[in-house]
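Reviewing the structure listed below.
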There are 2 protein chains.
Amino acid sequence: MELDIRIKMNEKLFLRNPEESVLGKKIVKNGLILINKLGFEEFTFKKLSIEISTTEASIYRYFENKHRLLVYLINWYWSYIEYKVVFYTNNMSNPEIKLKTIIKLLVEDPGDKGLNSDFISEQEAYQLIMWEGSKSYLTRNVSKDNKDRLFKPYKDLCERISCTIKEYNPKYKFPHSMASTILEMAHSQKFFMQNLPALTDFSKEQDDKKIILFLESMLFYSIQTK
Amino acid sequence: MELDIRIKMNEKLFLRNPEESVLGKKIVKNGLILINKLGFEEFTFKKLSIEISTTEASIYRYFENKHRLLVYLINWYWSYIEYKVVFYTNNMSNPEIKLKTIIKLLVEDPGDKGLNSDFISEQEAYQLIMWEGSKSYLTRNVSKDNKDRLFKPYKDLCERISCTIKEYNPKYKFPHSMASTILEMAHSQKFFMQNLPALTDFSKEQDDKKIILFLESMLFYSIQTK
DNA sequence: AATAAATAATAGTATTACTATCATTTAGGA
DNA sequence: TCCTAAATGATAGTAATACTATTATTTATT
């Protein structure tokens, strides 16, 4: 069975829906790959247009600027992760197992086995979050963008984790902050491990198991009923 | 008593030491203010040169590019925080009190009472870390920059916190990751509180007490001997 | 007072981040 | 199948960015 997961994206993110044309899909797919290759600062629509044999002007018909493309890609990823979280935890009644499953889904690199359609590659999206994730909101437009609901997928996922924490321990005082800490650290610790290992207890190129253990211990010791 | 704290900065950060001239100090001081005002992406040396009535070329004689200026400012801040940590925890023998003091120093906005010499304003530096902190290392040059020891102040502070955690509980397995989590979250949670409050349990413009409580509970429940 | 160093003034280049116009191709409906 | 509208391509243009280079002028040092 092969499912085509269709994620409804916020219309404010684009001028023309990239999912509805061949060019649009190429922009998104190869934009993601090129941002990963060059880094967001060095990435330009001009370079992307050469890569996919189109013109700058054509890309601008889809996205107002490269930051919107970034937020589009990041939103796709968080929506997709939430879909996976729902899919894998749906039948679970034990919030502890649920939370452990969520941490695994956040930390584990999808690698080759991840979704890799003609649209967005899950593995590339994972890399993007790690390197460029926080650049989506670390701008002077946060509040305006937030009003346009550009961060809804991230906030929804945070809310879902927060609810599961509450299920586990209704008395815990900081479920949202704990959820956003887990979300942020899942990728930060991985980034640190690979690039600034002195900031972690994991050695470069080590597997994800230790990060998962770290996050689990932090979460469960914190939310234990006292 | 008025102390002039002199922080030795890594020489790779600049082409000419900005502390050694009036213009250099103006670049650093007003650069910080202007980055905070415009956001790092919108900030340019041209705009700064107009602000301080000099030329672009003159600024380029001090800093290779704006990213180096950013790292300079961020390093100054982390070195200064480490200085404060040493100053305030020097005479403490109890690691619990030490760690609580550190968290306070990280979270609390220095406000007007902070260091505000003719050089770098502590309060402005605090804002900078919150908004632009992670942009210092989220580039394709991390590894190269790391080899040039450009992140030493941050890593030193992380190491110091890590050691204090080890003092508290020598058996705890993840002292560095816990330290970097505290460091990152001190500013992220504050940023979220002010700009994306749905990601926290704190309401906009609330005081820092709750963030401190959150971080303390996360830290101490995690590192409790089991 | 001489001289070295720092700064200002000016100019110039390739690239970025767009916007505009018009021609051509493609896709869908009558 | 032809017609029309929509999408794309080709081309051009602009202001700003991220620099580098050159020369003149000011400032500090011996």
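Every chain is numbered from 1, with letters handed out A, B, ... down the list of sequences.
Checking C:dA8, D:dG9, C:dC18 against every side-chain atom of B:Thr54, the shortest atom distance belongs to C:dA8. Of all nucleotides listed (C:dA9, D:dA7, D:dA10), D:dA10 comes nearest to the side chain of A:Arg61. Listed nucleotides C:dT19, D:dT20, C:dT7 differ in distance to B:Tyr60; the shortest reach to its side chain belongs to D:dT20.
The aromatic ring centroids of B:Tyr72 and B:Trp76 lie 6.0 Å or more from each other. Taking the ring centroids of B:His187 and B:Tyr126, they lie under the 6.0 Å cut-off.
A salt bridge links B:Lys190 with B:Asp208: at least one charged nitrogen is closer than 4.0 Å to a carboxylate oxygen.
Judged by closest nucleotide on DNA chain C, B:Leu23 is the one of B:Leu23 and B:Ala57 placed further toward the 5' end.
Between B:Tyr62 and C:dT7 there is a side-chain polar atom (N or O) within less than 4.0 angstrom of OP1 or OP2. Between B:Ser21 and C:dT7 there is a side-chain polar atom (N or O) within less than 4.0 angstrom of OP1 or OP2. Look at A:Lys66 and you won't find any side-chain N or O under 4.0 angstrom from OP1 or OP2 of C:dC18. Residue A:Thr55 has no polar side-chain atom (N or O) positioned under 4.0 Å from OP1 or OP2 of D:dA10.
Across all strands shown, B:Arg16 has heavy atoms under 4.0 Å from sugar-phosphate atoms exclusively, and none from any base. Using a 4.0 Å heavy-atom cutoff across all strands shown, A:Glu20 reaches no nucleic acid atom at all.
One can place CD1 of A:Ile27 at 10 Å from C1' of D:dT8, the figure rounded to the nearest angstrom. Rounded to whole Å, atom P of D:dA18 lies 16 Å from atom CZ of B:Arg68. The separation between A:Ile52 atom CD1 and D:dA7 atom P is 17 Å, rounded to whole Å. Summarising the geometry, the separation between CG on A:Leu15 and P on D:dA7 is reported as 12 Å, rounded to the nearest angstrom. The CZ atom of A:Phe43 sits 12 Å away from the C1' atom of C:dA17 (whole-angstrom rounding). Straight-line distance from the CG atom of A:Leu34 to the P atom of C:dT16: 11 Å, rounded to whole Å. Whole-Å rounding puts the B:Glu42 CD to D:dA15 C1' distance at 14 Å. Atom CD of A:Glu41 and atom P of C:dA17 are 10 Å apart (whole Å).
In summary, of the residues considered (B:Phe174, B:Tyr137, B:Tyr154), a ring-ring contact (aromatic ring centres under 6.0 Å, His included) with A:Phe192 occurs for B:Tyr137 alone.
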**Study point:** Test side-chain contact (heavy atoms from CB on, under 4.5 Å) applied to B:Asp145 and B:Arg68, step by step
**Key:** CA-CA 10 Å; B:Asp145 288 351; B:Arg68 287 290 157 119; 3.5 Å; yes
